[in-house]
There are 2 protein chains.
Amino acid sequence: MTTETASASPDNKYHHGNLRLALLDAAIAQIKDVGVDKLSLRGIARTVGVSQTAPYRHFKDKNQLLADVAAQAFIELYERSYSLIDPNASALENIQATGMAYLQYAIENPEKYRLLFGSSIKNRRSYSAMVEAGEQSFRILIDQVERGIKAGDFIPGCPLLLANTLWTQVHGSASLILDGFYQDRELPMPFDDFLKAQIMIASRALLLNPMPISLDKNRI
Amino acid sequence: MTTETASASPDNKYHHGNLRLALLDAAIAQIKDVGVDKLSLRGIARTVGVSQTAPYRHFKDKNQLLADVAAQAFIELYERSYSLIDPNASALENIQATGMAYLQYAIENPEKYRLLFGSSIKNRRSYSAMVEAGEQSFRILIDQVERGIKAGDFIPGCPLLLANTLWTQVHGSASLILDGFYQDRELPMPFDDFLKAQIMIASRALLLNPMPISLDKNRI
DNA sequence: GCTTATATGTTTTCAGTGTCAACATAGGTA
DNA sequence: TACCTATGTTGACACTGAAAACATATAAGC
């Protein structure tokens with residue numbers, strides 16, 4: 001979602017007014033309905049009603065357009081996660097809540113998620129805006145891990161390490177969902193519970209003194 | 001690695017002899033050095049020295065060629081994992097060993113791993129040989145989880161759920177490695193230890209009675 | 001107001017892709 | 001011998017990302 005509306009000066013045949021935003025919006029739309037790897041620069045130029053090379057005035061190449069879209073999406077993801085952090089809740093609760101929100105984002109925006117973490121974008125490291133937006137999201141998790149350690153709930157390990165362990169679990173979960181790994185697969189419980197249970201198990205690993213067993217054998 | 005050598009009848013201008021294998025081999029080679037998404041059917045046809053449409057006699061389309069390569073790679077991965085299972089070792093030890101081997105495979109064969117779990121292959125579910133090869137690998141993990149439960153070491157939960165939690169962690173870890181997430185990033189310890197520590201933490205979640213804290217604060 | 005530079009468009013073109021249809025040939029079989 | 005089928009080839013189509021050369025509208029300096 002871009003902040004401004006895409007058309008600024010209305011009847012300006014030649015100069016579009018705000019082509020850059022219009023292209024980004026069209027790209028997001030196209031990603032959503034044809035998928036990130038069927039997205040074509042020419043296609044989005046066509047839907048915006050502009051020549052096929054016009055986008056090159058605003059983006060060095062297709063890769064940069066994708067990186068810019070991704071940066072936006074990372075911010076979206078960050079805001080969504082951040083809004084769920086409750087300073088009064090325990091670190092564990094916050095972690096589990098944001099973990100589920102993360103999965104939900106991936107499920108609701110599969111193609112965007114693929115853009116964020118797939119290999120559509122080359123040379124990720126060289127798009128600093130995108131990288132920083134991504135790291136901002138990650139820092140939410142690190143912060144909560146640090147809180148949990150300080151509160152004496154979690155193992156007193158390196159926060160980056162612990163946070164990363166959690167993140168990789170959730171990220172792997174998302175990847176497998178999007179790759180259709182769970183389609184036509186019999187699960188022992190509703191899908192949502194399945195995901196939640198995994199997050200609970202994974203976060204149990206951080207607890208200094210986890211319950212000997214906190215899961216009902218029949219439910220899980 | 002295909003089992004037979006690719007050229008059967010030597011001087012047969014028109015009929016190649018074993019084009020199918022030759023194409024698969026060329027595909028693997030091309031994946032290794034230009035990457036899975038820069039692989040082109042025409043390119044591999046060229047290196048094999050055959051017309052650009054010849055591959056269509058052996059593969060319905062590019063997607064099917066990729067799926068066939070992936071099936072092979074899954075078997076590779078399976079064999080590598082299976083060879084590490086020691087019936088006399090504990091489930092936990094086996095799980096940690098295969099987990100590290102899995103990451104090592106991903107690091108050594110980044111483009112192959114991307115092929116296996118990225119979105120290069122469309123409609124994965126419809127390539128049953130590939131799907132089954134993949135599930136075979138996963139079953140190794142499930143088996144060990146079941147062993148751990150029976151031995152009274154692990155939480156008595158649904159093995160699929162527990163195994164999946166572990167797998168998603170390792171898979172996520174691999175994805176982030178390949179996406180260059182750890183490049184130019186300061187880590188609190190050597191990279192290999194970093195990965196191993198995460199696997200240890202993640203598998204700690206399965207233990208019925210994990211050590212209150214088993215990690216030295218300074219090392220981790 | 002006039003000129004001029006710059007940002008933002010367009011046209012044209014190139015090299016590359018996956019895939020299809022039509023045709024050619026070699027080897028095995030009736 | 002005649003033919004069928006598997007396996008090749010040629011040529012074409014409809015795409016793609018991208019570069020080069022050209023056009024125009026807006027903004028800045030005088």
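We use all heavy atoms of the structure for the numbers below, so side chains are in, but hydrogens, waters and symmetry mates are not.
- Picking from C:dT10, C:dG18, D:dG8 the nucleotide with the shortest atom distance to the side chain of B:Ala54 gives D:dG8.
- Taking for each of A:Lys38 and A:Arg57 the nucleotide of DNA chain D with the nearest heavy atom, the 5'-most of the two is the partner of A:Lys38.
- For B:Leu65 and C:dT19, the CG to C1' distance is 14 Å, given to the nearest whole Å.
- Residue A:Arg20 is out of contact with every strand shown, counting any heavy-atom pair closer than 4.0 Å.
- A:Lys60 places its NZ atom 18 Å from the P atom of C:dT8, with the value rounded to the nearest Å.
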With salt bridge (charged side-chain N to carboxylate O under 4.0 Å, His left out) as the test, would you mind laying out the steps for B:Arg80 and B:Glu108 before giving the verdict? CA-CA 13 Å; B:Arg80 192 152 163 169; B:Glu108 287 170 11; 2.8 Å; yes
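- Closest contact between the side chain of B:Lys62 and the listed nucleotides C:dT19, D:dA21, D:dG17 involves C:dT19.
- Nucleotide D:dG17 holds its P atom 15 Å from the CD atom of A:Gln64, rounded to whole Å.
- The CG atom of A:Leu23 sits 15 Å away from the C1' atom of D:dG17 (whole-angstrom rounding).
- Distance B:Leu41 CG to C:dG16 P: 16 Å, rounded to the nearest Å.
- Remark: B:Met200 CE to B:Leu92 CG distance equals 7.5 Å, nearest 0.5 Å.
- The cationic group of B:Arg114 does not satisfy the cation-pi geometry with B:Phe117, failing either the under 6.0 Å distance to the six-membered ring centre or the 45° limit from the ring axis.
- Among C:dT17, D:dA18, C:dT19, the nucleotide with an atom closest to any side-chain atom of B:Gln52 is C:dT19.
- Using a 4.0 Å heavy-atom cutoff across all strands shown, A:Leu39 reaches sugar-phosphate atoms only and no base atom.
- Distances shown here put every side-chain N or O of B:Ser51 at or beyond 4.0 Å from the OP1 or OP2 atom of D:dT10.
- Between B:Tyr113 and B:Tyr105, a ring centre-to-centre spacing not shorter than 6.0 Å is recorded.
- A close approach under 4.0 Å does occur between a side-chain nitrogen or oxygen of B:His58 and OP1 or OP2 of D:dG8.
- Distance B:Asp37 CG to D:dG17 C1': 14 Å, rounded to the nearest Å.
- Of the side-chain N and O atoms in B:Thr53, none sit less than 4.0 angstrom from OP1 or OP2 of C:dT19.
- For A:Arg42 against D:dG17, a side-chain N or O and a base N or O form a donor-acceptor pair under 3.5 Å.
- A sub-4.0 Å separation between OP1 or OP2 of D:dC15 and a side-chain N or O of A:Arg46 is absent.
- Taking atom CG on B:Leu19 and atom C1' on D:dG8, their separation rounds to 9 Å, with Å as the unit.
- Contact check on B:Arg124 versus B:Glu135 returns no salt bridge, with no Lys/Arg side-chain nitrogen under 4.0 Å from an Asp/Glu carboxylate oxygen.
- The OH-P distance, from A:Tyr56 to C:dT10, rounds to 14 Å in whole Å.
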